[in-house]
Every structure is written in structure tokens, then in C-alpha cells.
Amino acid sequence: GWLSSPFLLFFLFYYLRGEIGGAFGNLTAGLRRGQSFRRNLEASAINPHDAEAQYQLGLIYQQRRQFTEAIRRFQNAIAIDPRETDAHFQLGRIARDQGRLKDALGHFQTVVNQDERHCQSEILRELGALYIEARQYQYALDELLKYEEKRPYDAEGLFYHGQALEGLGKPTEAREVYERAVEAANQAPQYLRRAAGKWSRLARKQTRKLTK
């Protein structure tokens, strides 16, 4: 009798709805990605001069970590339309992740020339991160300060800002900025909390290192 109790059914639904909803959400998201991939593949086959279809396919390959094919698709998009800013941006990000800093700088500079406000000015943050990897800390700081004027509560940008200050031999200022990065991550909207958490952890680690 207790198995058919409406109270038991209610509690089961209440406690399992998150897991069921998450699994259903992952399934539907996967189906949508598959449908989007097929649509763009068909569009690129029907019209090989469709820059947007090439770009969207590049994004899908990038998400699948098939970077060789992603690069090819982004390059196709640029060949069709040199002002395909999004494709330059993604090519720059892939090149930076692969350690091809000169190539990354070329793509990022093109993005800045075409639209400095691209992707909510994230191009400035990407340039800052690139200059940090190249150990050009003053250039990095210049770009990150411009980015911070536009988006002062971005934990990732603040973390890079701290790294630039460390590279310039300013540990006290760097520690203060790392603390701001942690605070920004804690105050991030719920849907951004997970992504911001990565930068919070890194900032805490650097703060502990600087206080020893």
C-alpha cells in the first residue's frame, strides 16, 4: 500500500526531477546539435559559398575537439567572406591553445581592426592572455585594463590581470586583483557560476602562493 502512496510518489518526483531533467536536457541538447550539424552540412554542400554555414560547421567540429576540420571550415568561411570576424576569433583561440602565438596574434589583430567590441569585447581579454603567454606583460596589462573598463566583473579577465601584474614584478597589486577575481566569481549569475569557478580556484591558488 505504501508504494502507491501519493506522498511517496511526490517525494520521488521531487528528489529525482533534477536528475531526470538533466538527463533529458542532455539528450535533447545532443539531438539539437546533431540536427544543426546536418543542416549546416547540407547548406555547405548545396551552396559552397555560404560563409555562415562553414562557420557553424567549424564551431561544431571545434566543440567535438576535431580541430583540423574546425580550422579548415573557419578558413573556408574567411575565404568566402574576409570580414567573417567570428571565424578569425575562433581561429585565434585555437592557435593560442596550440601554442601558435604568431598565428593567433594575426587573427586577433584582424578581429580588433574589424570590431573591437566583438563578443562583448572578449577579444581584448584574449589578446591579454596571448601576450601573457608571450611574456609581454606590459602589452597584456594594457589590453586587460581596456577590457576591464568594459567588463569589470569578469573573473577570467581579472585572473589574467593578476598574472600580468605578477609578470611585471608587482605581487601586492597582483594579490589584490586575484582577490577581486574570487569575489567576481562568487557573485557571478548561477548559469555562469561553474565556468567562473575555474578562475576562482586559480586565483585562490595564486593568492596563497603570493602570501607565503
Side-chain angles (χ1 to χ4, degrees), residues 55 58-59 61-63 65 67-68 70-71 74-75 78 84-189 191-210:
Y55 170 72
L59 281 183
Y61 283 118
Q62 187 178 17
Q63 290 165 357
R65 305 188 68 78
F67 297 117
T68 300
I71 290 170
F74 290 140
Q75 288 175 338
I78 291 170
E84 181 58 67
T85 308
D86 291 327
H88 279 292
F89 183 69
Q90 299 302 337
L91 282 169
R93 295 182 71 181
I94 293 173
R96 182 167 72 85
D97 288 342
Q98 294 180 339
R100 295 183 288 110
L101 302 186
K102 185 176 179 180
D103 291 341
L105 180 59
H107 287 296
F108 286 156
Q109 194 58 58
T110 298
V111 174
V112 171
N113 292 341
Q114 291 181 354
D115 182 8
E116 189 176 287
R117 294 176 295 178
H118 180 267
C119 201
Q120 294 184 314
S121 300
E122 284 185 8
I123 182 58
L124 301 175
R125 185 185 69 193
E126 294 294 323
L127 270 173
L130 173 65
Y131 283 130
I132 287 169
E133 291 188 31
R135 299 181 182 275
Q136 298 183 25
Y137 298 112
Q138 187 58 57
Y139 287 130
L141 185 60
D142 292 343
E143 298 297 336
L144 292 164
L145 287 174
K146 286 192 290 185
Y147 176 68
E148 206 168 309
E149 288 178 4
K150 302 174 187 297
R151 296 181 61 181
Y153 303 109
D154 180 69
E156 184 177 355
L158 288 167
F159 174 76
Y160 292 141
H161 184 174
Q163 283 199 310
L165 290 170
E166 268 198 86
L168 290 169
K170 300 179 179 181
T172 302
E173 294 178 41
R175 187 170 62 248
E176 292 173 356
V177 175
Y178 286 138
E179 290 170 353
R180 286 171 53 202
V182 173
E183 183 180 357
N186 291 338
Q187 295 178 356
Y191 70 96
L192 294 175
R193 193 69 56 83
R194 183 175 180 181
K198 170 187 175 180
W199 305 106
S200 176
R201 290 190 295 274
L202 290 172
R204 290 177 189 276
K205 180 180 178 181
Q206 292 303 110
T207 301
R208 288 194 296 271
K209 187 183 80 170
L210 291 174

Notebook entry, point to check: What distance separates Q109 CD from L130 CG, expressed to the nearest 0.5 Å?
Noted result: 10.5 Å
Check: Quick one: CG on D142 to CD on Q138, what's the gap to the nearest 0.5 Å?
Finding: 4.5 Å
Note to self: Regarding Y147 and D154, do their side chains bring together a donor and an acceptor under 3.5 Å, going by distance alone?
What the structure shows: yes
Item checked: Contact summary for P171 and L210, nearest pair of heavy atoms -> O-CD1, 3.7 Å
Next item on the list: May I ask you to test the W199-L158 pair for a side-chain heavy-atom distance under 4.5 Å?
Entry: no
Next item on the list: Report yes if some heavy atom in the side chain of R208 is under 4.5 Å from a heavy atom in the side chain of R204; otherwise report no.
Entry: yes
Margin query: Could you check whether D86 and Q90, counting side-chain N and O atoms only, form a donor-acceptor pair closer than 3.5 Å?
Written below: no
Margin query: For R193, is the CZ atom crowded, meaning more than 12 foreign heavy atoms sit under 6.0 Å from it?
Written below: yes
Next item on the list: Specify the closest pair of heavy atoms between A140 and I132, including all atoms of both residues, with the distance to one decimal.
Entry: CB-CG1, 3.6 Å
Margin query: A side-chain contact here means heavy atoms from C-beta on lying under 4.5 Å apart; do I94 and R100 qualify?
Written below: yes
Margin query: Quick one, L105 with Y131, criterion side-chain contact (heavy atoms from CB on, under 4.5 Å). Give me CA distance, side-chain angles, the key distance, then yes/no.
Written below: CA-CA 9 Å; L105 180 59; Y131 283 130; 3.7 Å; yes
Note to self: Show, in sequence, the C-alpha distance, side-chain angles and deciding distance for E183 and R180, and conclude whether the salt bridge (Lys or Arg N to Asp or Glu O under 4.0 Å) test is met.
What the structure shows: CA-CA 5 Å; E183 183 180 357; R180 286 171 53 202; over 6 Å; no
Check: For A95 and D103, which heavy atoms make the closest approach, and how far apart are they?
Finding: CB-CB, 4.1 Å
Next item on the list: Please name the pair of heavy atoms, one in Y153 and one in A184, separated by the smallest distance, quoted to 0.1 Å.
Entry: O-CB, 3.5 Å
Margin query: Looking at R175 and T207, would you say the former's side chain and the latter's main chain have a donor-acceptor pair under 3.5 Å?
Written below: no
Item checked: Min side-chain heavy-atom separation H161-L165 under 4.5 Å -> yes
Checklist line | Pairwise side-chain contact, L59 with Q62, heavy-atom cut-off 4.5 Å (strictly under) | finding: yes
Check: Rounded to the nearest 0.5 Å, what separation is found between the CG atom of L127 and the CD atom of E116?
Finding: 9.5 Å
Notebook entry, point to check: Do Y139 and E143 have a side chain donor and acceptor closer than 3.5 Å?
Noted result: no
Next item on the list: Measure the CD1-NE2 distance between I123 and H107 for me, rounded to the nearest 0.5 Å.
Entry: 11.0 Å
Note to self: With a 4.5 Å cut-off on side-chain heavy atoms, are I78 and L91 touching?
What the structure shows: yes
Check: Hey, what do you get for CD (Q136) to CG (L141), rounding to the nearest 0.5 Å?
Finding: 13.5 Å
Note to self: Ignoring hydrogens, what is the shortest heavy-atom contact between V177 and G162? Give both atom names and the distance.
What the structure shows: CG1-N, 3.7 Å
Check: Hey, are the side chains of I71 and Q98 touching, using non-hydrogen atoms and a 4.5 Å cut-off?
Finding: yes
Notebook entry, point to check: Given side chains that start at C-beta, do those of K150 and L124 come closer than 4.5 Å, heavy atoms only?
Noted result: yes
Notebook entry, point to check: Is it true that Y178 and F159 have ring centroids separated by less than 6.0 Å?
Noted result: yes
Item checked: Worked verdict on K209 versus E166 for side-chain contact (heavy atoms from CB on, under 4.5 Å) -> CA-CA 11 Å; K209 187 183 80 170; E166 268 198 86; 3.4 Å; yes
Notebook entry, point to check: Does the gap between the ring centers of F74 and Y55 come in under 6.0 Å?
Noted result: yes
Next item on the list: Show your working on salt bridge (Lys or Arg N to Asp or Glu O under 4.0 Å) between R125 and E122 and close with a plain yes or no.
Entry: CA-CA 5 Å; R125 185 185 69 193; E122 284 185 8; 3.4 Å; yes
Check: Rounded to the nearest 0.5 Å, how far does CD of E156 lie from CG of L144?
Finding: 10.0 Å
Check: Which heavy atom in A188 sits nearest to a heavy atom in A196, and how many Å separate them?
Finding: CB-CB, 4.1 Å
